[in-house]
2 protein chains.
Amino acid sequence: MLDESGSKISPRTISRLPVYWRYLKELDDFGIERISSRELAGRIGSTPSQLRQDLNQFGHFGQHGYGYPVEELLSSISQILGLNRTRKMIIVGMGNLGMAIASYENFGRRNIKLAALFDVDPERIGTVVSDVQIQHADEMPKFLEENQIDIGCVSTPPEVAQEAVTTMEHGGVLGIWNFAPVKLQTKLPVEHLHLGDSLLELLYRIGRREDK
Amino acid sequence: MLDESGSKISPRTISRLPVYWRYLKELDDFGIERISSRELAGRIGSTPSQLRQDLNQFGHFGQHGYGYPVEELLSSISQILGLNRTRKMIIVGMGNLGMAIASYENFGRRNIKLAALFDVDPERIGTVVSDVQIQHADEMPKFLEENQIDIGCVSTPPEVAQEAVTTMEHGGVLGIWNFAPVKLQTKLPVEHLHLGDSLLELLYRIGRREDK
DNA sequence: CAGCTTATGTTAATCTTATAACAAGGCTTG
DNA sequence: CAAGCCTTGTTATAAGATTAACATAAGCTG
């Protein structure tokens with residue numbers, strides 16, 4: 001049984017799916033064929049209850065008294081996450097962070113294809129990163145017209161992030177992966193990842209620790 | 001009134017504090033002196049109720065019928081986050097991501113000082129990034145013995161992340177900022193940031209969008 | 001092949017988080 | 001300087017998420 005569409009999936013569950021996927025992939029690579037919720041949860045650092053609760057939002061993947069078949073479950077979660085089809089991504093803003101993202105080796109295994117890179121700095125334009133040449137950002141509208149792009153990654157300075165997103169939205173991009181620390185005005189799904197915020201959270205926890 | 005220690009602060013609240021800090025800093029830079037929960041929440045994309053609820057976990061910063069004094073509130077939140085004192089950070093793993101983190105311009109305003117960089121690749125060792133020279137990872141224990149380091153940033157391949165963390169923990173580091181996709185065995189507070197997981201979450205949401 | 005063991009799917013209870021409502025108190029204005 | 005208007009702090013309510021419990025069903029063993 002698979003993915004009972006219609007029912008709302010909890011956001012918390014969704015954010016754990018990629019973790020499940022990673023661990024299952026590792027198990028599968030090791031040739032392990034089955035796993036119990038207890039053991040998988042143990043590795044992940046979660047609880048059996050939560051794991052089962054999460055999975056059962058999408059269907060029944062396990063077998064009573066046996067556990068979960070790794071390969072099958074991995075395949076199901078891959079499908080739920082949408083990994084069965086290739087997605088094209090572009091990156092705008094090829095500073096240090098943009099470079100790092102473009103060089104990220106793990107896109108392949110997640111079925112993500114780097115389609116284009118954009119920047120405004122003349123010194124960067126023409127540079128080739130991960131087999132893709134950086135173009136001027138002015139070329140983006142035309143590029144988007146000629147190519148169906150799924151993911152727009154924003155690693156520009158915050159001042160120009162909104163502009164980039166607007167261009168992407170008009171160009172038919174389906175979702176935004178945002179590294180710029182600004183609230184974006186768009187109807188597209190946005191996944192936000194901000195280094196500074198994450199670091200401050202750690203800072204707070206370090207401070208609290210010292211108090212005790 | 002400030003920071004009623006003892007009461008437990010909700011994790012969700014904590015993760016929003018850095019956002020509040022950013023927006024307040026922006027307001028303060030613009031010379032704005034006061035702001036209401038309604039307006040601030042509007043900018044952030046939150047609700048007035050949640051904002052007040054969050055702030056009141058730490059104390060009473062506002063004034064009835066007036067709102068919040070920006071400079072004072074900013075100062076309070078800075079103190080709560082622990083931004084009043086400088087923290088030293090080291091980075092282990094100077095691949096593309098490590099380079100990007102080391103080059104991150106916003107550490108200064110968060111009172112973070114880059115103290116050292118480590119890698120094992122002979123080609124990288126000796127390179128200077130953000131005024132700091134990359135050393136061999138073998139030097140880390142000695143370095144930690146001679147310097148009190150607060151934050152250990154891990155941007156190594158996953159296979160060696162645990163080893164790096166163990167070394168850091170023994171060396172007296174207070175918290176781990178982890179970019180490697182592995183569960184770390186440590187008693188230190190860990191702040192986890194994984195690009196791949198974030199991207200998969202976006203992928204899922206894009207897929208769900210298309211269904212409708 | 002029958003009974004036992006095991007680990008699921010699911011329901012129930014607890015705990016956490018978010019939204020809404022409202023009384024209290026300070027600013028502002030005429 | 002007093003009355004009214006805001007906007008907070010706080011309490012109450014609702015929604016959401018996690019943990020716990022248990023009945024059910026499949027594999028395994030003797």
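We name chains A, B, ... by the order of the sequence lines, and we start the count at 1 in each one. Worth knowing before you read on, the calculation uses all heavy atoms, side chains too, and leaves out hydrogens, waters and symmetry mates.
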message: Ignoring hydrogens and geometry beyond distance, is the side chain of B:Q50 in donor-acceptor contact with the base of C:dT17 at under 3.5 Å?
response: no
message: B:H194: which residues meet the side chain to side chain contact (heavy atoms under 4.5 Å, CB included) condition with it, sequence neighbours left out?
response: A:R22, A:Y104, A:R110, B:P181, B:H192, B:D197
message: In the structure I gave you, are the side-chain heavy atoms of A:I44 and A:R16 within less than 4.5 Å of one another anywhere?
response: no
- prompt: Under a 4.5 Å cut-off applied to non-hydrogen side-chain atoms, are B:L202 and B:I206 in contact?
  reply: yes
In whole Å, what is the span from the [atom1] atom of [X] to the [atom2] atom of [N]?
| X | N | atom1 | atom2 | answer |
| --- | --- | --- | --- | --- |
| A:N56 | C:dA7 | CG | C1' | 12 Å |
| A:L40 | C:dA7 | CG | P | 14 Å |
| A:E39 | C:dT6 | CD | P | 15 Å |
| B:D54 | C:dA18 | CG | P | 7 Å |
| B:R38 | C:dT19 | CZ | P | 17 Å |
| A:L51 | D:dT19 | CG | C1' | 14 Å |
| B:Y68 | D:dC6 | OH | C1' | 13 Å |
| B:Q57 | D:dT11 | CD | P | 13 Å |

Using a cut-off of less than 4.0 Å, is there contact between a side-chain N or O of [X] and OP1 or OP2 of [N]?
| X | N | value |
| --- | --- | --- |
| A:S37 | C:dA7 | no |
| B:S10 | C:dT16 | no |
| B:R16 | C:dT17 | no |
| B:R12 | C:dA18 | yes |

Protein proximity profile, nucleotides 21-30 of chain C - base contact B, sugar-phosphate-only contact S, no contact -, cut-off 4.0 Å on heavy atoms: B--BBSSS--
- prompt: Which part of the nucleic acid does A:P48 contact within heavy-atom distance under 4.0 Å: base, sugar-phosphate only, or nothing?
  reply: nothing
- prompt: Is A:T13 touching bases, backbone alone, or none of the nucleic acid, heavy atoms closer than 4.0 Å?
  reply: nothing
message: Check A:E169 with A:K187, please: is the shortest side-chain N to carboxylate O separation under 4.0 Å?
response: no
task: Would you mind telling me which of C:dA20, D:dT8, D:dT18 lies closest to the side-chain atoms of A:Q53?
output: D:dT18
- prompt: B:F143: what forms a ring-ring contact (aromatic ring centres under 6.0 Å, His included) with it, not counting sequence neighbours?
  reply: B:F118
- request: Find out whether the Lys NZ or Arg CZ of B:R34 is both under 6.0 angstrom from the six-membered ring centre of B:Y68 and within 45° of the ring's axis.
  value: no
- prompt: Do B:S15 and A:E201 get their side chains close enough for a donor-acceptor pair, meaning under 3.5 Å?
  reply: no
